[in-house]
Amino acid sequence: MTSLPISMLTRIAWRNIWRNHRRTLVMIAAISIGVWAMVVMTALMVGMVDQMVRDSVRNLTGHIQIHAPRYRDDPAITNSMAPPDETLLEALSQPKIKAWSTRVRLPAVITSERESVGVMLVGIDPASERQISFIGDKVTQGHYLESPDDKGILIGKKLAERLETKLGHRLVVMSQDPDNNIVDRGFRVVGIFDTELEATETGFVFIGKHTAQKMLRMGNQISELALISDGYRKLGPLTKRVHQAAPGLEVLAWTSLEPYMKTMLTVMDGFAYIWYIIVFLAMSFGLVNTLLMAVFERTREIGLVQALGMAPRYILLQVLIESLFLLLIGLAAGNLISLATLLPILDGWDISAIGTEGLEWAGMSSVIYPKITLKDIITSNIVVIILGIAASLYPAWRASRYVPVEAITRT
Amino acid sequence: MALTPSMLVTLAWRNLWRQPRRTGLTAGAITFSAAISVFVLSMNLGIIHTLIDYNLRLFTGHVQLQHPDYLERKQIFKTVDHAASLAARLRHELSMDRVAVRAGTFALLSSTKRTVGVRIVGVQPEFEPRVSTLPGLVTEGRYLNTQDTEKAVIGTALAHNLGVKPGDELTVLGSGEDGSFAATVLHVAGIFDGGSMEINRYMTFIPLRTFQQTFNMGDKANSIVLRGDHPGDTNKLVARLAPHLPAGQAIAIRDWNALQPGLRQLIAARLTMIWFLFSLLLLIVAFSVFNTLLMSVLERTREFGIMQAIGLKPFRITRLVMLESAMLAITGVVAGILIGGTFTAVVQLNGVHFDFMEGLARQFNLPTRLYPELTWLSVSLGPGVVLVTTTLTALYPAIKVRSLDPVLAMQRT
């Protein structure tokens, strides 16, 4: 007999798996659940960490920051830097950089009639800052700063409570100038901002950049320059290019500035793969067993077919195709119910039931946005198919090794 | 001759091993999930205990006595009166010396180089080391002792920012308990490394008496910190405390759940997630086991038909099948406990080094080497659930046996 066309094997394989409805359906159910577990868990985990990084980036970090070399160690006025020169300005206008902004950022003390609190004073350029960090969007009472010369101050809602102050009231900000003298200045609260992290609301106060520079007698010096690019991953090359344009300064991507976030990202990536393997192993026992039993059931039939001339390799192929069908249907069903689960919560899944303090400690906001990427879906599908076929090789191989005479005479 | 239980057991066991490969694979799935559950639960128990222990020992303690409004917002004028004598009395009545008094507020700390806003805390040098691990983390100089008056201990980052080392002078400026102007001059006695940035940048410790004098507090303080033997026994500690509180004052007893709500929340969240993931795994394994059991029962239709024909009632056959499944489950689970337990014990010897997670460790005040904790709970809970679930999946196949008609069954090839 000449070679059997694949299409015939495929048709036989298809009919074979449906000979026993219940067994096939139960196996497909197991595979679907496994796929669902892989896809949904990954989407939620990735979404969670993605959100954390984005929040951190918008929380003044930006994607890349430029400072004077000693500023990070000691964020004080003595470690200020000059505003960007021509070379740097040119480097900053490249297309990969979406927006950048300069700031004065120094420790200060803010006082109301009732309380004093240590804060970070941030002098901003409102127009450019709005594109980089949260402050432009989160002012819930009053209004955002209007220009770098604005004489008002923006404080967080929690801070306003602590200082027992309100919109329109006056506060005094105290800090140090380059000669170590204490300088202070009164500001009127023109806006109050509300973010999800309490630490942000109590940690930062915003004033106009020029106002800050004048108050602190800094001339036109700044504390830092922050920029954002089109994505938060793979910032190495861009960081290098910016550094070349600013050789005397420290240029760092957020991965160096926020090691905790970077670690979370790495851990999550690693966790996804481990989870895939574990889920797959759990599925594989059932898959192999099911195929083995299906093959065993058909011993006589396989023996007969071999006696009629079907080559062992085609029997192997047939069993593999049967397995492939199980996997593909399971994958299809699994992907569908995954999407069905994820699409309704695409707009955010509120997990504040966990408790806001715990979430805040971990740097997470209380809403998870699942992140479904094609890459993740394809990876989990490929893992299932490749490992599934690998696991099926054993039963398929056993089937092909039946000796026709022995197989036929088996009762 | 009746079918005795021991015959049943032998029969069931032999039935299982007639198909070694199939039984092996099914048991394998059960072993896999049981072993994983042992390791994961042990690892997490270890992490949780370390998380709680390290965090509470660092500064918070297990229980604090405070003014009722202090928890909501820490303000210096919310005081506990006659704090030192109350603490001394508690030490005596409860026979424990891990009781320390603290008072704290915001103040400006100045060196010749810089002025920084800090949280300044007055402590009892004799008792503070018993409730907090910070005194033991001094890297330069020394911690406060009972003779000190005008001395301070600060964090590494703070020392760096102020540009001071042990022996240098610092000025403190702040607001007293009665709102008056408070100022004093101190010398740096030592510098500590508390791990987290927060602590190293803002915490300043001075002797309690100095604090009370500088900030005009008399013998009042803001909290009395107690540390029991075990974070889990905090309820008992609270119960023992309650009768000893002075009648005249409003004092609230705050346990660590109230002082550090984030801790309990994170732990609960973590455990919930693990349960969820484990349930998914178990579901998948259950389906596989179910399939296998069902198929093997259907395969043995002829055999059951013959057994029925020679007089074995259907319910006995059901019992046999259930027994087989139970034995399979038990074998799998026991193997899983052994494998999982051994693996965990080996890991527990050296711990797992998480140094790539340094940033993570600092954030949560954890050491970078973590140990799983093999306990009766971790060895039995997961595998127990696996055992129950697997045995339950056997119900349907076992019950299917009853609907067999002996004659028809025997006709099947």
Side-chain angles (χ1 to χ4, degrees), chain A residues 20 22-23 26-27 29-31 33-34 36-37 41 73-76 107-109 115-119 161-162 174-176 180 182 258-264 266-267 275 278-279 281-283 285-290 292-294 296-297 351 354-363 411, chain B residues 19 21-22 25-26 28-30 32-33 36 73 75 106-108 112-119 157 160-161 163 174-175 202 260-269 272 277 280-292 294-296 298-299 356-360 362-364 413:
Chain A
N20 190 332
R22 189 170 25 217
R23 172 174 74 209
V26 173
M27 196 61 232
I31 298 178
I33 295 179
W36 180 85
M41 273 298 125
D73 231 8
D74 185 12
V109 175
E115 284 270 350
S116 340
V117 179
V119 294
E161 282 171 25
R162 269 180 74 174
M174 217 173 21
S175 187
Q176 273 175 289
N180 227 2
I182 302 258
E258 296 277 343
Y260 167 62
M261 288 292 156
K262 170 111 197 326
T263 317
M264 284 293 265
T266 319
V267 165
W275 178 239
I278 292 184
V279 168
L281 280 176
M283 282 192 325
F285 286 102
L287 184 64
V288 173
N289 235 358
T290 304
L292 269 180
M293 285 203 266
F296 181 68
E297 224 172 60
I351 54 165
I354 290 181
T356 44
E357 290 90 350
L359 289 170
E360 170 129 5
W361 194 14
T411 31
Chain B
Q19 293 271 17
R21 198 164 18 230
R22 175 190 313 176
L25 276 172
T26 317
I30 300 175
F32 177 69
S33 36
I36 283 199
R73 197 181 325 171
Q75 286 166 307
F106 170 82
L108 289 176
T112 45
K113 180 178 161 202
R114 180 105 7 103
T115 304
V116 178
V118 301
R119 179 151 183 89
H160 189 170
N161 290 346
S175 211
Y202 297 115
Q260 288 240 48
L263 202 51
R264 173 138 280 201
Q265 288 164 4
L266 274 181
I267 291 171
T272 311
L277 293 180
L280 280 179
L281 212 63
L282 204 52
L283 198 58
I284 297 173
V285 166
F287 269 82
S288 307
V289 169
F290 175 75
N291 228 5
T292 310
L294 187 60
M295 277 196 274
S296 56
L298 292 177
E299 200 182 85
F356 66 93
M357 299 209 320
E358 167 96 28
L360 215 68
R362 271 189 171 242
Q363 177 84 2
F364 293 104
T413 33

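Values below: every heavy atom of this structure, side chains too, minus hydrogens, waters and symmetry copies. Chain A is the first sequence line, chain B the second, and so forth, proteins listed ahead of strands; every chain is numbered from 1. Predicted, not measured: the structure shown is a model, and the values here were computed from it.
In this structure, the portions of B/T26 lying under 4.5 Å from any heavy atom of chain A include both its backbone and its side chain. Heavy-atom distances place the side chain of B/I36, and not its backbone, under 4.5 Å from chain A. Both the backbone and the side chain of A/L281 come within contact range of chain B, judged by heavy atoms closer than 4.5 Å. For A/V117, the part lying near chain B is the backbone, with the side chain staying farther off; criterion is any non-hydrogen pair under 4.5 Å. Neither the backbone nor the side chain of A/M261 comes within less than 4.5 Å of any heavy atom in chain B. Heavy atoms of B/T292 lying under 4.5 Å from chain A belong to its backbone as well as its side chain. For A/I31, no part sits under 4.5 Å from any heavy atom of chain B, backbone or side chain. For chain A, the nearby parts of B/L25 are the backbone and the side chain; heavy atoms of each come within less than 4.5 Å. With a 4.5 Å cut-off on non-hydrogen atoms, A/E115 touches chain B through its side chain but not through its backbone. Both the backbone and the side chain of B/A29 come within contact range of chain A, with heavy atoms under 4.5 Å apart. When heavy atoms are compared at a cutoff of 4.5 Å, A/V109 approaches chain B solely by way of its side chain, counted from C-beta outward. Looking at B/R73, only its side chain comes within 4.5 Å of chain A, counting heavy atoms on both sides. With a threshold of 4.5 angstrom between heavy atoms, B/F290 approaches chain A through side-chain atoms but not through N, CA, C or O. Looking at B/S33, there are no atoms closer than 4.5 Å to chain A (heavy atoms on both sides), in backbone or side chain.
Contact check for B/S296 versus B/R22: side-chain heavy atoms found under the 4.5 Å cut-off. Proximity of A/F285 to B/I30: side-chain heavy atoms (C-beta onward) are nowhere separated by under 4.5 Å. Residues A/N289 and B/M295 have side chains not in contact (no heavy-atom distance under 4.5 Å, counting atoms from C-beta outward).
Between chain B and the options A/R162, A/K262, A/M174, heavy-atom pairs under 4.5 Å are most frequent for A/R162. Ranked by heavy-atom pairs under 4.5 Å with chain A, the first of B/L283, B/L277, B/V285 is B/L277. Interface check for chain A: of the options B/L280, B/L282, B/V289, the most heavy-atom pairs under 4.5 Å are formed by B/L280.
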Q.
Between A/R22 and B/L298, is the side-chain contact (heavy atoms from CB on, under 4.5 Å) condition met? List the steps.
A. CA-CA 11 Å; A/R22 189 170 25 217; B/L298 292 177; 3.9 Å; yes

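Summarising the geometry of A/A282 relative to B/S288, their closest heavy-atom pair is O-OG, 4.0 Å, with the distance given to 0.1 Å. For the pair A/V279 and A/A37, the tightest heavy-atom approach, listed with the atom from each and the gap, is CG2-CB, 4.4 Å. Of all the heavy atoms in A/G118 and B/F106, the pair that sits closest is N-CE1, 3.2 Å.
Side chain of B/R114 to main chain of B/N161: a donor-acceptor pair is present (N/O by atom type, distance under 3.5 Å, no hydrogens or angles). The backbone N or O of A/S175 lies less than 3.5 Å from no partner atom in the side chain of B/T115, so there is not a single donor-acceptor pair.
Between the CZ atom of B/R264 and the CG atom of B/L266 there is a distance of 12.0 Å, given to the nearest 0.5 Å. Once rounded to the nearest 0.5 Å, the distance linking CG of B/N291 with CZ of A/R23 reads 8.0 Å.
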